[in-house]
Colleague: 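Below is one structure. I have some questions about it.
Quick note on labels: first sequence line is chain A, next is B, and so on, each numbered from 1. Keep in mind that the numbers below use all heavy atoms, side chains included, and drop hydrogens, waters and symmetry copies.
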Amino acid sequence: MKFSKITEAFEKLDQTQKTLEKTDILAELFEESGEQLPQVVLMCTGTPFPAWKDMDLGVSSKTLVKIISKATGRSEKEVEKEWKEQGDLGLAAQTMVEKKTQQRLMSQEITVQKAFERMQKVAEMESEGLNSSVNQDKKQKELADLISSSEPREAKYLARIIINNLRLGVGEGTIRDALSEAFFDGKHTGDIQKAYDFSNDFAEVAKASREGLEQVNSLELELYRPVKSMLAKNVDTIEEGFEEVGEPASINYKYDGMRAQIHVKEGQVKVFTRRLDDVTEQFPDVVEAVEENIESDNCILDTEIVGYDPEDGGMIPFQRLSKRIKRKYEIQKLKEEIPVEVRPFDLIYLEEPILQRPYRDRWEKLASVVNEQEEEMKLVDNDITSEAERVQEMQQASLSDGHEGIMMKNLQAEYKPGNRVGYMVKLKPVMETLDLAIVGAK
DNA sequence: CATGGCTGCCC
DNA sequence: ATTCTGC
DNA sequence: GCAGAATGGGCAGCCATG
C-alpha cells in the first residue's frame with residue numbers, strides 16, 4: 001500500500017473537526033488497508049510503535065529540524081524560520097520539500113511498509129545504546145532519506161509521525177470507533193475497547209477486528225502485559241465526591257508518590273509505570289517487598305510507590321523519589337538514600353482476571369494477600385463511610401501528614417483501565433485550604 | 001573529562 | 001500533572 | 001461532560017562539543 005493513501009486520509013482529517021466525519025474517514029482507510037492494516041492503524045495513532053513496546057526514535061523537534069535540513073538541502077535556519085512562521089514542523093517539512101523542486105521523477109513512491117521499516121530500523125539503532133553510542137548523524141540520515149524521497153504532503157505527515165505529534169484530533173476513541181465501523185458495522189465498540197485496554201496495541205486489535213469478534217474477545221488481560229491504570233476524576237468537595245461514587249464509599253489517602261502496577265507471575269515480580277514502562281530494574285526494593293509480603297504467585301497489584309526519609313521515616317516529595325525512576329547507574333546507592341514503601345490499593349488479577357468484580361471484593365482479596373510490613377508494604381490508609389464528617393477528618397489527617405489529599409471510590413464499581421470514569425475520584429485542596437490544613441497541623 | 005543541548009517520561 | 005478547546 | 005491537544009516543572013541518560 002502506498003503511503004499516499006494515508007496522506008490523503010490525513011489531509012481529510014485535517015480539514016474537519018467533526019468527530020463522526022473523522023471516524024468515517026478512518027474507517028474507509030482501514031477497509032482499504034488490506035494486509036497493511038496493522039501498520040496503517042499504528043500510523044494513525046501518531047507513532048509506529050505500540051505503547052507497551054519500549055521503542056522510540058529518540059527524535060523530537062530540534063532533531064527533526066536537522067533531518068528536514070538534510071533532506072531538502074536547506075539550512076537549519078531556514079527550516080526553523082518556516083517552523084516559526086507556520087507554527088508546525090510538519091508544514092515546514094512540506095514547504096521545504098516543495099521548494100526542493102526538481103527531480104524525484106524516477107524515485108519510487110513510498111509505501112507504508114517502507115516508512116514503517118525505516119522507522120523501525122531507526123528505533124532499533126536507538127535502543128542498541130548501552131556501550132555502543134548511537135550515531136546520531138546516521139540516524140538522522142536514515143530519516144532524511146525517507147523524507148527526501150517523499151512528496152510534500154507525505155513529508156508533512158512523516159515529519160509529524162517522527163516526532164509523534166500528528167495533531168489530527170484522532171485519539172484512541174476515534175480509532176476504536178473507526179475499527180468498529182470498518183469491521184462490525186458500528187457495533188461491538190465495547191469489545192474493541194476492552195481488547196485495546198488489555199493489549200495496548202492497536203495493531204493487534206485491528207488485526208483481530210478484521211478476523212472477527214471472537215478474535216477481538218480473545219485479547220485478554222495477561223500477566224507481564226501492563227494495562228492502563230484507572231484514572232481518577234477531580235472533585236472540589238466531599239459532597240461532589242459522594243455524588244460521583246455513591247454511598248458508602250471507600251476513602252483512602254492520596255500519597256505524593258508514583259503510580260505502579262506490579263505483576264507477579266509464577267512468583268516473579270515486574271514493576272510498571274502508569275505509562276506501561278518497565279521499571280523493575282529501578283526498584284529492586286519493591287521487588288523484594290512484593291516477594292516477601294504478597295501471598296500470591298500470580299497477581300496484579302495497583303499501587304503507589306512512596307519515598308520516605310531514611311533518617312526519620314517521614315514522607316518525601318515526589319521530586320526526590322523521581323531521582324530513582326530513570327536510574328541506570330547507582331541504583332543500589334539510591335535505594336539506600338531514597339527508600340520506598342509500597343502502598344497497594346487495588347488488585348485486578350488473582351490467579352485470574354478479577355477486574356470486573358466490585359471494588360469491595362477486590363479490596364478484600366487484596367487485604368487477604370498483603371502482609372503489612374513497616375517500611376516495605378502497607379495497604380493505603382483507608383476507611384469505608386457515608387459520613388462527610390469522617391471524610392473531612394481523613395482529608396485533614398492526610399494533609400497534616402504531608403500527603404496530597406484523599407481518594408473516594410465506588411465500592412460496586414469494576415476496574416476500568418485507562419478510564420477517567422467516576423468510579424474513582426480525587427479530592428485535593430486548593431491553595432487556601434492547603435495553607436489552612438498545614439497551619440492547623442502545627 | 002566537564003558541560004550543555006536534547007529527549008523522554010514521571011507528576 | 002493541569003488547562004484549554006470544540007463537539 | 002468528554003476527548004484530544006497543549007502546556008509546565010523536574011529528573012536521568014545520552015550524545016556532541018571543546
Side-chain angles (χ1 to χ4, degrees), chain A residues 13-14 16-23 26 44-47 49 51 54-67 76 87-88 90 122-123 125-140 160 162-178 189 193 229 231-236 240 243-244 254-261 271-279 281-283 304-307 316-331 333-334 338 340 403-405 418-422 425-426 428 430-431:
Chain A
L13 291 169
D14 212 7
T16 177
Q17 282 185 317
K18 295 192 173 66
T19 313
L20 294 178
E21 269 180 45
K22 286 183 193 290
T23 307
L26 283 174
C44 293
T45 68
T47 158
F49 317 114
D54 179 29
M55 286 179 87
D56 65 70
L57 299 172
V59 172
S60 192
S61 49
K62 302 285 186 184
T63 312
L64 182 56
V65 169
K66 292 184 184 171
I67 291 171
E76 290 177 28
D88 176 272
V122 172
M125 292 166 68
E126 180 70 9
S127 66
E128 269 167 27
L130 216 59
N131 298 331
S132 65
S133 76
V134 179
N135 185 332
Q136 296 299 308
D137 195 58
K138 198 176 160 206
K139 209 176 78 177
Q140 289 163 23
R160 288 184 180 181
I162 286 169
I163 58 173
N164 190 9
N165 190 15
L166 213 39
R167 51 183 199 187
L168 291 173
V170 171
E172 288 174 11
T174 321
I175 292 175
R176 173 202 61 208
D177 291 349
T189 55
Q193 179 68 53
S229 296
L231 304 175
K233 273 186 179 174
N234 286 308
V235 291
D236 295 323
E240 266 180 67
E243 256 172 57
E244 198 70 55
K254 185 181 190 311
Y255 307 96
D256 188 16
M258 182 185 110
R259 187 84 175 261
Q261 189 177 104
V271 184
F272 298 97
T273 67
R274 212 188 73 179
R275 279 173 63 179
L276 317 180
D277 276 0
D278 188 334
V279 288
E281 293 295 319
Q282 283 70 26
F283 292 97
E304 191 80 8
I305 293 177
V306 188
I316 59 167
F318 167 79
Q319 184 180 313
R320 287 205 50 210
L321 170 66
S322 79
K323 290 181 196 298
R324 292 196 52 182
I325 299 173
K326 301 197 76 179
R327 279 273 154 193
K328 286 179 75 170
Y329 311 102
E330 300 190 301
I331 288 173
K333 186 176 160 218
L334 266 286
I338 309 169
V340 298
H403 306 307
E404 290 195 316
N419 274 36
R420 195 160 249 136
V421 285
V425 131
K426 58 184 164 186
K428 286 207 266 185
V430 289
M431 267 312 168

Colleague: With a cut-off of less than 4.0 Å, is there a side-chain N or O of A/K66 near OP1 or OP2 of B/dC6?
Modeller: no
Colleague: Can you see if the side chain of A/Y329 gets near the phosphate of D/dC14 - specifically, an N or O under 4.0 Å from OP1 or OP2?
Modeller: yes
Colleague: Is a side-chain N or O of A/Q282 found less than 3.5 angstrom from the main chain of A/R327, in a donor-acceptor match?
Modeller: yes
Colleague: Any N or O donor-acceptor pair linking the side chain of A/K326 to the base of B/dG8 at under 3.5 Å?
Modeller: yes
Colleague: I want to verify a distance call: between C/dC7, B/dT7, D/dC11, whose nearest atom is closest to the A/Q17 side chain?
Modeller: C/dC7
Colleague: Specify the residue among A/K323 and A/N165 whose closest nucleotide of DNA chain D lies further upstream toward the 5′ end.
Modeller: A/N165
Colleague: What's the closest nucleotide to the A/N234 side chain, out of C/dT2, B/dC6, B/dC10?
Modeller: C/dT2
Colleague: Kindly say if A/T19 contacts the phosphate of C/dC7, meaning a side-chain N or O under 4.0 Å from OP1 or OP2.
Modeller: no
Colleague: So what does A/K426 touch, heavy atoms closer than 4.0 Å: a base, only the sugar-phosphate, or nothing?
Modeller: sugar-phosphate
Colleague: Within the supplied structure, the quantity of interest is the number of heavy atoms (other residues, nucleotides, ligands) at a distance under 6.0 Å from A/E281 CD; does it exceed 12?
Modeller: no
Colleague: Select one nucleotide: of D/dA12, C/dC7, D/dA6, the one nearest the side-chain heavy atoms of A/R167.
Modeller: D/dA6
Colleague: Considering only side-chain heavy atoms of A/E172, which listed nucleotide, D/dG4, B/dC10, B/dC6, is closest?
Modeller: D/dG4
Colleague: Are there over 12 heavy-atom neighbours, none belonging to A/D54, within less than 6.0 Å of that residue's CG?
Modeller: no
Colleague: Any base atoms under 4.0 Å from A/K22, or only sugar-phosphate, or nothing? Heavy atoms, all strands.
Modeller: nothing
Colleague: Among all residues two or more places apart in sequence or in another chain, which pass the ring pair (Phe, Tyr, Trp, His ring centres under 6.0 Å) test with A/F272?
Modeller: A/H263
Colleague: Mind checking A/L168 for me? I need base, sugar-phosphate or nothing, with any heavy atom below 4.0 Å counting as a touch.
Modeller: sugar-phosphate
Colleague: What's the closest nucleotide to the A/D277 side chain, out of D/dG10, B/dC10, B/dC6?
Modeller: B/dC10
Colleague: Any idea which of D/dG4, B/dG8, D/dC11 is nearest the A/D56 side chain?
Modeller: B/dG8
Colleague: With rounding to the closest Å, how many angstrom separate the C1' atoms on B/dG8 and C/dA1?
Modeller: 16 Å
Colleague: Among the nucleotides B/dC11, B/dC9, B/dT7, which one has an atom lying closest to any side-chain atom of A/R275?
Modeller: B/dC9
Colleague: What integer distance in Å separates A/R324:CZ from B/dC10:C1'?
Modeller: 14 Å
Colleague: Give A/D256 one of three labels, base, sugar-phosphate or nothing, depending on what nucleic acid heavy atoms sit under 4.0 Å from its own.
Modeller: nothing
Colleague: Below 3.5 Å between N/O atoms, which protein atoms pair up with nucleotides 16-18 of chain D? Just atom names and distances, please.
Modeller:
unit_1: D/dA16; atom_1: OP1; unit_2: A/Q136; atom_2: N; d: 3.3

Colleague: Scan residues 164-177 of chain A for pairs that pass salt bridge (Lys or Arg N to Asp or Glu O under 4.0 Å), counting only residues two or more places apart or in two chains.
Modeller: A/D88-A/R167, A/E172-A/K228
Colleague: Just to confirm, is there a sub-4.0 Å distance from OP1 or OP2 of B/dC9 to any side-chain nitrogen or oxygen of A/T273?
Modeller: no
Colleague: DNA chain D: A/G169 or A/F318, which has the more 5' nearest nucleotide?
Modeller: A/G169
